[in-house]
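Can you keep this structure in mind? I'll have questions shortly.
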Amino acid sequence: MVDLTRPDDTHDPALRSWVESAHDAATDFPLQNLPFGTFRHEGEAQPRVGIAIGDQVFDCLFAAREGLLDGVDPSVRDALQGRALNGLMALGRADARAVRALVSRMLRADTVEGAAARTYRDRLLVPMTSVSLLVPAEVGDYTDFYASIHHARRVGALFRPDNPLLPNYQWIPIGYHGRASSIVASGGAVRRPMGQTRTGNDAGPSFGPCANLDYEVELALWVCGENAIGEAVPIARAEERLFGLGLLNDWSARDIQAWEYQPLGPFLSKNFVTTVSPWVVTLDALTPFRVPAVVRDAGDPQPLPYLDDTNDRARGGFGVMLDASLLTAKMRVAGLPPHRLSRSEAKALYWTPAQLIAHHASNGCTLRPGDLLGTGTISGPTDDARACLLELTRRGADPVELPHGEVRTFLADGDEVIVRGWCERSGYARIGFGECRGVVQPAHPAG
Ligand code: CA
């Protein structure tokens with residue numbers, strides 16, 4: 001049996017591709033990555049499944065029609081000719097692994113498959129800048145967790161200085177059901193929401209544009225396979241249900257949130273738009289970058305048995321680095337580069353993705369192909385790892401000063417937030433997630 005915990009020849013840093021841009025030092029998409037996504041050719045209505053290589057998109061529909069994917073099962077070829085990743089996600093990780101391995105051979109400079117594929121180059125590959133990159137799957141359900149204890153502690157301290165971490169936090173993964181209808185791909189507009197807020201304790205609430213618009217840097221967990229309703233997913237098998245990871249920005253209206261969140265949690269403060277990156281980095285591409293789960297202090301609660309697994313403790317974490325940068329309208333006009341607001345690491349998450357999946361299904365809740373789980377804001381212990389403005393500015397008390405003189409407590413119209421993620425490890429090729437970005441548009445006035 002293949003040991004999936006060990007890197008294989010698809011991770012070899014010495015691999016050479018006939019796609020020149022796959023060797024750019026700055027690319028997120030070398031041959032060792034090969035993330036899946038959904039794209040639309042200019043002038044075409046129907047989306048297609050694609051795979052990122054350098055600055056190009058590998059067109060799976062074209063490859064299948066030309067017989068270049070005859071090396072995989074017909075059901076897999078059918079899935080790759082769908083309009084989103086749901087078909088491949090329904091089949092599961094083993095089939096995605098077979099596709100990634102085949103496409104790796106097809107894009108190599110030293111293989112028979114590579115020589116054959118290269119003759120189709122002009123139609124097999126399309127420049128990434130010439131297509132629309134879409135939400136990778138049709139999302140049936142979206143859940144957002146709260147898995148960073150550093151984020152939970154800081155946010156808790158702002159609202160409950162005497163009691164920052166609620167007593168359930170170290171026992172149970174906290175989450176809420178989000179809204180699949182307002183998930184957009186990177187680059188999609190972020191309209192400042194209208195909403196009900198109450199400032200001060202005496203005045204009544206009012207309805208108007210959100211004044212405390214924020215972002216949250218998260219990882220997107222894309223679900224594959226399906227458990228029947230009533231069937232749990234044991235933690236030891238939870239990663240079979242994780243197709244791959246992307247980036248996610250959970251835009252948040254803090255003033256609306258503060259007024260509406262008790263007692264049932266966030267509602268309209270979180271569901272006006274959620275941005276995801278278009279490329280899903282598979283768990284196979286991430287094999288070299290797995291890290292142990294966070295080790296809990298001896299005196300802290302240990303996970304209950306249904307959330308505890310030896311392998312998950314040993315390698316349930318992901319060594320993903322995350323940056324958030326801000327580009328204001330003034331900076332854009334002046335030609336200034338984005339200013340980095342934070343750098344944090346997914347390995348600091350208190351709960352692993354496998355624990356989040358096992359917990360989500362522990363009551364028999366069905367998780368279906370294309371379902372999306374957000375990790376929650378991925379902050380770290382240090383001040384430069386505060387991955388939202390609520391933490392960075394301490395709810396507006398400490399404004400962020402930008403290098404050119406502008407100041408922010410929360411986001412202004414015209415501000416663009418750019419989230420990037422990548423993995424690095426000595427002896428392996430760096431792989432990246434691409435970008436998750438969005439520009440804040442002015443609110444629509446109440447009509
Ligand atoms: Ca969130």
Side-chain angles (χ1 to χ4, degrees), residues 135 139 141-159 164-166 168-169 172-184 186 188 190 193 195 210 212-223 245-258 260-262 264-277 318 320 322-324 341-342 344-346 348-353 355-357 359-360 371-380 385-393 395 410-411 417-419 421 433 436-438 440:
V135 176
V139 181
D141 277 303
Y142 162 48
T143 301
D144 197 22
F145 284 96
Y146 197 53
S148 163
I149 198 169
H150 308 289
H151 175 67
R153 277 208 178 101
R154 281 202 199 90
V155 171
L158 292 171
F159 291 88
L165 201 63
L166 291 170
N168 59 0
Y169 188 86
I172 184 168
I174 303 294
Y176 66 92
H177 287 302
R179 185 82 184 163
S181 64
S182 45
I183 293 165
V184 304
S186 178
V190 180
C210 163
N212 294 169
L213 184 59
D214 201 356
Y215 63 88
E216 293 188 333
V217 177
E218 307 193 12
L219 280 178
L221 313 178
W222 290 98
V223 170
L245 307 183
L247 306 172
L248 186 149
N249 183 344
D250 175 26
W251 303 91
S252 299
R254 300 302 186 191
D255 43 355
I256 299 171
Q257 184 180 358
E260 75 172 8
Y261 87 104
Q262 290 179 319
L264 287 184
F267 180 34
L268 302 183
S269 57
K270 294 278 195 176
N271 73 356
F272 51 96
V273 63
T274 304
T275 307
V276 294
S277 60
F318 289 84
V320 182
L322 294 154
D323 271 5
L341 294 172
S342 67
S344 55
E345 300 184 68
L349 286 171
Y350 195 74
W351 299 100
T352 65
Q355 287 174 315
L356 300 180
I357 289 169
H359 180 66
H360 204 314
D371 278 3
L372 173 63
L373 314 180
T375 56
T377 310
I378 301 179
S379 294
R386 295 175 292 180
C388 61
L389 286 169
L390 179 65
E391 289 181 62
L392 275 170
T393 71
R395 208 180 176 185
F410 290 98
L411 296 170
V417 177
I418 304 156
V419 179
F433 287 74
C436 179
R437 56 202 296 160
V440 177

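One-based numbering, in listed order, for ligands and for the atoms of each. What's counted below: heavy atoms across the whole structure, side chains too, no hydrogens, waters or symmetry copies.
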Inset, instruction - To the nearest 0.5 angstrom, please state how far the NZ atom of Lys270 sits from the CD atom of Glu216. - result: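 Interatomic distance, Lys270 NZ to Glu216 CD, rounded to 0.5 Å: 3.0 Å.
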Inset, instruction - Pick out which of Val190, Asp250, Asn249 makes a side-chain contact (heavy atoms from CB on, under 4.5 Å) with Val273. - result: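 For Val273, the side-chain contact (heavy atoms from CB on, under 4.5 Å) check succeeds only for Val190.
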Legend entry - For the Ca ion (ligand 1), every protein N/O/S atom that sits closer than 3.0 Å, waters excluded: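 Correct list: Asp144 OD2, Glu216 OE1, Glu218 OE2, Asp250 OD2.
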Inset, instruction - Determine the interplanar angle of the Tyr146 and His151 rings, folded into 0 to 90°, and report it as parallel if under 30°, tilted if 30 to 60°, perpendicular if over 60°. - result: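 Rings of Tyr146 and His151: perpendicular, over 60°.
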Legend entry - CD-OG distance between Gln257 and Ser269, expressed to the nearest 0.5 angstrom: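 Gln257 CD to Ser269 OG: 4.5 Å, rounded to 0.5 Å.
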Legend entry - Residues that Asn212 engages under side-chain hydrogen bond (donor to acceptor under 3.5 Å, both in side chains), provided they are two or more places apart: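 For Asn212 there are no side-chain hydrogen bond (donor to acceptor under 3.5 Å, both in side chains) partners, ignoring immediate neighbours.
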Inset, instruction - Quick one: pull up CH2 in Trp251 and OG1 in Thr274 and give me the separation to the nearest 0.5 Å. - result: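 Trp251 atom CH2 to Thr274 atom OG1 measures 10.5 Å (nearest 0.5 Å).
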